[in-house]
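Note sheet for the following structure.
So that the names make sense, note that chain A is the first sequence line, chain B the second, and so on, each numbered from 1.
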Amino acid sequence: MLSLKYLSENPDLVINRLKVKNFQAAGIITRLKQLDSNRRKLQTALDNSQSDINRLSKQVGVLFQQSKKEEAEKVREQTIKIKEEIKNLSPELHGIEDQIRELLVQLPNVPHESVPEGVSPEDNLLIREGGQVPVLSAGALSHWELAKKYDIIDFDLGNKITGSGFPVYKGKAAKLQRALINFFLDEASRAGYLEIIPPILVNEASAFGTGQLPDKEGQMYHIGEDNLFLIPTSEVPLTNIFRDIILLEKDLPRKLTAYSPCFRREAGSYGKDVRGLNRLHQFDKVEIVEVQHPEHSYESLENMTSHVEYLVQKLKLPYRIILLCGGDMSFHAAKTYDFEVFSAAQEKWLEVSSVSNFESYQSNRMMLRFREDNGKKIQQLHTLNGSALALPRIMAALLENNQTKRGILIPEILIPYTGFEVIEYG
RNA sequence: GGAGAAAUGGCAGAGCGGUCGAAUGCGGCGGUCUUGAAAACCGUUGUUCCGUUAUCGCGGAACCGGGGGUUCGAAUCCCUCUUUCUCCGCCA
């Protein structure tokens, strides 16, 4: 969320920038201003009353010690009225603080100045593209047909065991999946990300910290009995490692990576885009997360983007990098690059990574800060994350693009990981 | 799952109703000494909110796992939740 301080110092800037996200913020900001001014007044009144009580209490203590009981009794009576006041003001203050928080959470992050205006994916900006779109022979198969032909991914079996969106990988597909995970993790380590194995269930505070709660609650699987959530991405546990922490400037940036399964309910998404591996309830992903000094976070965004680009290049997949327009960006991001790879049999671009700078939006929520080297000043940090990469659509594109008469060819870079060069019959 | 013990500042660890934001030690920072360093000695050392201030700062409030209560006054007493440890049971 945005900080009250930032909002009150730059109301017009926020209102204007949020128009890029097609969000009308003026009403909320006006309301926040009023609430904040009330909050300050109440806080001051309450502090003064409490100060009086503290002072009188000390007097009572001293008087009792000197066994001046009657005087002590008199002073004690004075406190009754003040306590009454505190009893009234205190819930009022909490009420206002709750209202402020509720409103703050409704404001999306302010997009970076380089983010184009727009309302739909058509307004996104193509940044770069690379790789060769393969020319498939007539009768090329989609990945779900290939999965069946080679008996390597079983969607029906997943239906039986769990439900739709939970495929079962078998044999060489299972090994290829594992190879991809290892490849991605090794590359992330080489690029300086610390490898982590995080919990895949998180509590409410963590889900709030990265912004899944309160608004995206319906997207997560919830374990009611223990009030825990299955992670939709390891961004959640990874970033929350830093919740309520004050880092030192000299320790920046902090870079983490993790493989984890991810769980998404995908409530409300039906239709043709969900075939095969295109949209699942459970999928594997390697994530990269970075916590960075505000002055360097946009360099980091570019570096993370380059890292992801390197991965798709090594896999020899045709890709494009897209700068999302305001209307297509997520609520929490300040700037996002999407990566899409071309899946040749479906003839579709599939999103395989989303790399975002959240600036201080998440760190405000989770009280993530750093202490400056040259003094005592404490500042908010910036957080970033990106998929590097999401597995199923990579798998889909690899299967479709690399199909040949003799089978599906494994990209060279992965052969040391898979131990085989081709997926064929049997 | 059952029984018991505990949770205090960056860490270790005292305090168990009054002047305690909290002894002491370690660590960190600054200084003296030294050619330099170490040792020794001296000083300093959290966060949030409100007010004030051009800034350093200053004044006030809150925070001793979270939430609630008792009291003029709570780190200290009570309730509740969470977590950790010990024992028993179960188990990859």
Side-chain angles (χ1 to χ4, degrees), chain A residues 1-9 32-101 103-104 197-209 213 222-229 237 240-252 254 261 291 360 363-381:
Chain A
M1 63 194 180
L2 302 170
S3 74
L4 261 184
K5 192 165 172 250
Y6 182 76
L7 278 173
S8 61
E9 282 166 8
L32 274 170
K33 220 173 178 176
Q34 292 165 348
L35 285 168
D36 191 38
S37 121
N38 285 346
R39 180 187 129 260
R40 283 157 191 270
K41 273 182 214 142
L42 273 172
Q43 183 76 58
T44 305
L46 210 52
D47 282 358
N48 288 339
S49 298
Q50 192 60 55
S51 177
D52 291 343
I53 292 268
N54 289 346
R55 188 168 37 78
L56 293 172
S57 294
K58 275 179 193 168
Q59 279 180 30
V60 172
V62 172
L63 289 171
F64 267 126
Q65 255 170 18
Q66 300 168 345
S67 21
K68 298 178 180 168
K69 285 211 169 137
E70 279 176 34
E71 288 178 51
E73 206 52 48
K74 263 189 200 164
V75 177
R76 189 155 72 179
E77 274 168 32
Q78 288 181 50
T79 64
I80 294 173
K81 225 175 93 186
I82 306 173
K83 279 182 79 175
E84 198 66 30
E85 259 175 47
I86 293 178
K87 240 182 184 160
N88 291 334
L89 292 182
S90 180
E92 203 179 325
L93 179 65
H94 286 131
I96 288 180
E97 284 170 347
D98 288 346
Q99 286 179 58
I100 288 176
R101 204 169 313 118
L103 286 175
L104 277 178
I197 300 180
I200 61 175
L201 285 168
V202 295
N203 58 27
E204 272 185 289
S206 295
F208 178 83
L213 291 181
H222 182 220
I223 315 287
E225 202 173 352
D226 300 294
N227 197 22
L228 297 172
F229 298 88
N240 272 283
I241 286 174
F242 300 105
R243 172 152 51 84
D244 292 321
I245 294 270
I246 300 175
L247 293 168
L248 299 177
E249 184 174 1
K250 67 180 167 66
D251 294 332
L252 300 175
R254 298 288 296 270
V291 172
S360 54
S363 59
N364 275 326
R365 284 178 164 235
M366 61 174 108
M367 292 290 278
L368 161 57
R369 294 160 295 165
F370 75 100
R371 191 186 299 278
E372 288 178 356
D373 279 344
N374 57 351
K376 298 182 78 178
K377 217 180 143 205
I378 289 171
Q379 275 194 58
Q380 296 305 123
L381 279 161

Using the P atoms only, state how far B/G89 lies from B/G2, rounded to an integer number of Å.
16 Å
Phosphate OP1/OP2 of B/A61: any A/Ser51 side-chain N/O under 4.0 Å
yes
Say you pick atom P in B/G67 and the same atom in B/A74; how far apart are they, in whole Å?
15 Å
Measuring only the C1' atom in each nucleotide, how far is B/U48 from B/G21? A whole number of Å is fine.
14 Å
Please tell me which of the listed nucleotides, B/G18, B/G51, B/C49, lies nearest to the side chain of A/Thr44?
B/G51
Whole-Å distance separating the CZ atom of A/Arg55 from the P atom of B/U19
17 Å
To the nearest angstrom, the NZ-C1' distance between A/Lys81 and B/C72 comes to 16 Å
Looking at B/G73, I'd like to know if its phosphate oxygens (OP1 or OP2) sit under 4.0 Å from a side-chain N or O belonging to A/Lys83.
yes
Can you tell which of A/Lys377, A/Arg371, A/Glu372, A/Gln379 makes a side chain to side chain contact (heavy atoms under 4.5 Å, CB included) with A/Glu249?
A/Glu372
Note: for A/Lys41 and A/Asn48 on RNA chain B, the residue whose nearest nucleotide lies more 5' is A/Lys41
Between A/Asp36 and A/Lys33, is there a salt bridge with N-O shorter than 4.0 Å?
no
Are the side chain of A/Asn364 and the backbone of A/Met1 linked by a donor-acceptor contact shorter than 3.5 Å?
yes
Which nucleotide in B/C50, B/G73, B/G18 has an atom nearest any side-chain atom of A/Ile53
B/G73
Just by distance, no angles: are the side chains of A/Gln34 and A/Asn38 close enough, under 3.5 Å, to form a donor-acceptor pair?
no
With the side chain counted from C-beta on, respond yes when A/Leu381 and A/Phe242 share a heavy-atom pair under 4.5 Å apart, and no when they do not.
no
Using atom NZ of A/Lys58 as one end and atom C1' of B/G17 as the other, report the distance to the nearest whole Å.
15 Å
Once you round it to whole Å, what is the distance between P of B/G10 and CZ of A/Phe370?
19 Å
Atom-to-atom span, CG of A/Asp52 to C1' of B/G73 - whole angstrom:
14 Å
Please state the P separation for the pair B/A75 and B/A62 - nearest whole angstrom.
9 Å
Would you say B/A62 has OP1 or OP2 under 4.0 Å from some side-chain N or O of A/Gln50?
yes
Between atom NZ in A/Lys377 and atom C1' in B/G46, what is the gap in whole Å?
19 Å
For A/Ile197, I'd like to know if atom CD1 has over 12 heavy atoms of other residues, nucleotides or ligands within 6.0 Å.
no
Against the side chain of A/Arg371, the closest entry in B/C50, B/G18, B/U47 is B/U47
With P as the reference atom in both, quote the distance from B/G73 to B/U82 in angstrom, rounded to an integer.
30 Å
Of the listed nucleotides (B/C72, B/U48, B/C50), which one gets closest to any side-chain atom of A/Thr79?
B/C72
Nearest-Å distance once atom C1' is located in both B/U35 and B/A54
44 Å
Would you tell me if any nitrogen or oxygen in the side chain of A/Arg40 comes within less than 4.0 Å of OP1 or OP2 on B/G51?
yes
Given the C1' atoms of B/U53 and B/G43, what is the spacing between them in whole Å?
27 Å
So, does A/Arg365 use its side chain to make a donor-acceptor pair with the main chain of A/Phe208 at under 3.5 Å?
yes
For atom P, what is the distance between B/C64 and B/A7, given to the nearest Å?
13 Å
Looking at A/Arg369, I'd like to know whether one of its side-chain N or O atoms comes within less than 4.0 Å of OP1 or OP2 on B/U48.
yes
Rounded to whole angstroms, how far apart are CD1 on A/Ile86 and C1' on B/U70?
16 Å
Taking for each residue the nucleotide of RNA chain B with the nearest heavy atom, is it A/Arg39 or A/Leu56 whose nucleotide lies nearer the 5' end?
A/Arg39
Of the listed B/C50, B/A61, B/C72, the closest approach to the A/Ser57 side chain comes from B/C72
In whole angstroms, how far is the C1' atom of B/G10 from the CG atom of A/Asp251?
13 Å
Which of A/Asn88, A/Thr44, A/Ile86 passes side chain to side chain contact (heavy atoms under 4.5 Å, CB included) with A/Ser49? It is A/Ile86
If you look at every heavy atom in A/Ala205 and A/Arg243, which pair is closest and at what distance?
CB-NH1, 3.6 Å
Think A/Asn54 has a side-chain N or O under 4.0 angstrom from the OP1 or OP2 of B/A61?
yes
Defining pairs by Watson-Crick or G-U wobble geometry with both distances under 3.5 Å, how would you list the stems of RNA chain B with at least three pairs each?
B:1-7 with B:82-88, B:10-12 with B:24-26, B:27-32 with B:40-45, B:46-52 with B:57-63, B:65-69 with B:77-81
